[in-house]
Structures are given as structure tokens and as C-alpha cells.
Novice: 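Right, I'll just put the structure down here and ask away after.
Just so it is clear: chains get the letters A, B, ... in the order the sequence lines come, proteins before strands, and each one is counted from 1. Predicted, not measured: the structure shown is a model, and the values here were computed from it.
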Number of protein chains: 2
Amino acid sequence: MTTLLNTAQRRAAVIKALAHPSRLLIADALQHGERCVCDLRELVGADLSTVSKHLTVMRQAGLLEMEKRGLNVYYRLRCPCLMSFFECVDSLAPKREKRERRNSSTGSCKLRI
Amino acid sequence: MTTLLNTAQRRAAVIKALAHPSRLLIADALQHGERCVCDLRELVGADLSTVSKHLTVMRQAGLLEMEKRGLNVYYRLRCPCLMSFFECVDSLAPKREKRERRNSSTGSCKLRI
DNA sequence: TCAATACTTGGCAATTTCGCCAAGTAAAGC
DNA sequence: GCTTTACTTGGCGAAATTGCCAAGTATTGA
């Protein structure tokens with residue numbers, strides 16, 4: 001009972017840390033390997049402080065890990081399975097209420113469970 | 001370029017619709033099949049209007065579909081692959097900065113890509 | 001030791017989200 | 001038609017999020 005809620009709260013903390021266009025852009029870039037903050041700043045196109053705060057949020061949620069080398073700080077994804085999820089998210093058509101109710105156990109999702 | 005941003009914005013809209021403990025509780029319950037709003041209200045333990053608004057957000061994001069039968073409205077998940085993602089989310093340890101940097105291509109994720 | 005670079009942190013205003021209450025709608029039963 | 005049930009919608013204050021600027025920290029190089 002209370003455990004279900006706890007699970008939901010833990011999950012929500014992680015998912016919230018992902019629920020922002022700039023942070024998704026960052027996650028996508030990190031899929032190909034680590035990047036320093038200034039690279040990500042260029043990608044996102046926001047103030048360096050803004051990007052840094054986004055990265056802190058993602059790191060505290062457990063999505064990223066960081067490592068300082070010289071003057072730079074490099075961030076990496078901690079869970080590559082994110083990309084599977086993005087495919088799943090992308091498969092949700094923007095048009096509402098598509099007519100595909102009868103095979104509701106598989107839906108339109110391109111991924112196997 | 002601009003397409004990358006568009007993709008991120010579309011994804012963020014869906015993920016935001018998921019980034020709340022009550023909505024995750026709802027998603028979890030719907031994994032086992034459709035539920036009417038009053039069932040979900042009981043599960044979430046909030047005002048009926050609050051639950052209804054959560055459901056509207058999730059439906060507009062493409063996560064759910066609804067069907068009215070008699071007095072009740074039934075909601076269903078549109079994408080069962082969500083559950084794979086939750087396993088992934090759950091695998092992100094709450095303790096920060098675990099010492100597991102060398103195999104960064106697979107990480108601690110229990111799912112295959 | 002002094003300056004430059006690459007960040008992080010504090011603070012704050014603007015925007016968004018959240019959850020309740022009250023009011024509205026739609027189907028069912030009498 | 002009237003009532004009940006099962007929602008949905010409007011509205012509003014409270015709380016959280018977002019993004020910039022300014023200031024602080026840490027490493028490098030001269």
C-alpha cells in the first residue's frame with residue numbers, strides 16, 4: 001500500500017528529471033558518449049548556469065554521473081535503456097484516440113515487453 | 001537541428017504527463033487492464049476532480065485512451081512498453097555516484113537495448 | 001601569485017503545476 | 001420530468017519549476 005506510493009514517488013523523481021526539452025536534448029547527446037558542460041551549453045543554447053542546473057537535477061536523480069578532468073567537467077548517462085523508452089514515447093502518435101482499441105494488449109508500441 | 005529540438009519537445013510533453021506520483025500510480029494500475037475513474041480515485045486518494053484532471057493530462061499526451069460505458073468512464077494504457085521503462089528507472093540506485101564507471105556502455109540497467 | 005577558463009551556486013522574478021471547491025454535463029432509473 | 005450517479009470543467013491560491021544575472025570556486029598556465 002504505502003510501498004506502492006513510495007515506488008511511484010521514487011519513479012516520479014527520476015522521470016521529472018527527464019521531463020524537460022533541454023534535459024532530453026542532453027540525454028540524447030550523452031547517448032553517444034560523455035560530453036563536457038560547455039559542449040552541452042552549445043547544444044542547448046542557454047546560459048551556462050542554466051545548463052549546469054539541469055545537469056545537477058539529472059545527476060541527483062541518478063540519471064547522470066560526472067567526472068572532473070582538468071578544467072572541464074564531463075557528464076555521462078548512467079542508464080542507456082533510456083533510448084528504448086524514447087522509442088516507446090515516440091511511438092505514441094500525436095493524434096489523439098487512434099482507432100486501434102481491439103489489440104489493446106500490444107498497442108502501437110514498437111518494443112517488446 | 002531544429003528537428004532535434006522538436007523531438008525533444010514532443011518527448012518532454014509525454015514524459016511530463018508521466019512525471020507525477022499519482023499519475024505513475026495510475027499508469028501502474030492500468031497495466032493490469034482498464035479501470036474506471038472512481039477506481040483510480042480510490043487508488044490515488046485525491047479528489048475526483050483532481051484525478052480527472054490527471055487523466056486528462058495523460059490522455060492528451062497520448063498515454064491513455066478513454067471510453068464511456070453507461071455512467072462510467074474507463075481508461076486504458078495506450079503503450080505497455082512503459083513498464084519496461086519503469087524497470088529501467090527503478091534500476092537507477094538512489095545512492096549517488098556508484099563506483100561502476102568502467103563499463104559505462106551497459107551500466108546497471110537490467111534491460112537489453 | 002595573478003589572470004583566465006570552466007564551471008557551480010545564490011537569488012529572484014516569471015511562468016507553470018497542483019489540488020481543492022463549486023458548478024456543469026451526461027447517462028440511468030423511477 | 002426529476003433524481004442520482006459518475007464524471008468534467010472553471011477558478012483560484014499555494015507551491016514548484018525555469019532561466020537569467022551576479023558572485024563564488026577550482027584548476028591551469030604564465
Novice: Looking only at side-chain atoms of B/Lys68, point me to the closest of C/dC7, C/dC20, C/dA27.
Specialist: C/dA27

Novice: Any non-hydrogen side-chain atom of B/Phe86 less than 4.5 Å from a side-chain atom of B/Leu24?
Specialist: yes

Novice: In this structure, how many angstroms lie between the P atom of D/dG19 and the CZ atom of A/Arg41, rounded?
Specialist: 14 Å

Novice: Side-chain N or O of B/Tyr75 versus OP1/OP2 of D/dA6: is the shortest distance under 4.0 Å?
Specialist: no

Novice: Can you find a heavy atom in the side chain of B/Arg59 that is under 4.5 Å from one in the side chain of B/Glu65?
Specialist: no

Novice: Answer with base, sugar-phosphate or nothing: what part of the nucleic acid does A/Arg23 contact at a heavy-atom distance below 4.0 Å?
Specialist: sugar-phosphate

Novice: Taking only the side-chain nitrogens and oxygens of A/His54, find out if one of them lies under 4.0 Å from OP1 or OP2 of D/dG19.
Specialist: yes

Novice: Of all the nucleotides listed (D/dG19, D/dC21, D/dT8), which has the minimum atom distance to the side chain of A/His20?
Specialist: D/dG19

Novice: Roughly, in whole Å, what's the span from CD in B/Glu42 to P in D/dC7?
Specialist: 12 Å

Novice: Could you tell me whether A/Tyr74 contacts a base, only the sugar-phosphate backbone, or nothing, with contacts defined as non-hydrogen atoms closer than 4.0 Å?
Specialist: nothing

Novice: Within this structure, what is the CG-to-P distance between A/Leu48 and C/dG10, rounded to whole angstrom?
Specialist: 16 Å

Novice: Mind checking whether A/Ile26 and A/Leu30 have side chains closer than 4.5 Å, heavy atoms only?
Specialist: yes

Novice: Given side chains that start at C-beta, do those of B/Tyr74 and B/Val37 come closer than 4.5 Å, heavy atoms only?
Specialist: no

Novice: Whole Å only: how far is the CD atom of B/Glu67 from the C1' atom of D/dC7?
Specialist: 15 Å

Novice: Would you call B/Gln31 and B/Asp28 a side-chain contact if the rule is heavy atoms closer than 4.5 Å?
Specialist: yes

Novice: Rounded to whole angstroms, how far apart are CG on A/Asp39 and C1' on C/dC7?
Specialist: 13 Å

Novice: Starting at CG of A/Leu40 and ending at C1' of C/dC7, how long is that distance when rounded to a whole Å?
Specialist: 12 Å

Novice: More 5' along DNA chain D: A/Gly70 or A/Lys16, using each one's nearest nucleotide?
Specialist: A/Lys16

Novice: Between C/dT8, D/dC21, C/dC21, which nucleotide gets closest to the side-chain atoms of B/Asp47?
Specialist: C/dC21

Novice: State whether the distance check finds a donor on one side and an acceptor on the other, under 3.5 Å, for side chain B/Thr50 versus base C/dC18.
Specialist: no

Novice: Between D/dT8, C/dC20, C/dG10, which nucleotide has the shortest distance from any of its atoms to the side chain of A/Lys53?
Specialist: C/dG10

Novice: Tell me if the side-chain of A/Ser49 makes a donor-acceptor pair with the base of D/dC21, cut-off 3.5 Å, by modelled atom types.
Specialist: yes

Novice: Should B/Glu34 and B/Arg69 count as side-chain neighbours, where that means a heavy-atom distance under 4.5 Å?
Specialist: yes

Novice: I want to check one thing: is the phosphate of D/dC7, taken as OP1 and OP2, less than 4.0 Å away from some side-chain N or O of B/Asn72?
Specialist: yes

Novice: Checking contacts here: which listed nucleotide (C/dC7, D/dT8, D/dC20) is nearest the side-chain heavy atoms of B/Val37?
Specialist: D/dT8

Novice: Starting at CD1 of B/Ile26 and ending at C1' of C/dG19, how long is that distance when rounded to a whole Å?
Specialist: 13 Å

Novice: Quick check on DNA chain D: between A/Leu71 and A/Ala19, whose nearest nucleotide comes earlier from the 5' end?
Specialist: A/Ala19

Novice: To the nearest angstrom, how far is B/Leu25 atom CG from C/dG19 atom P?
Specialist: 12 Å

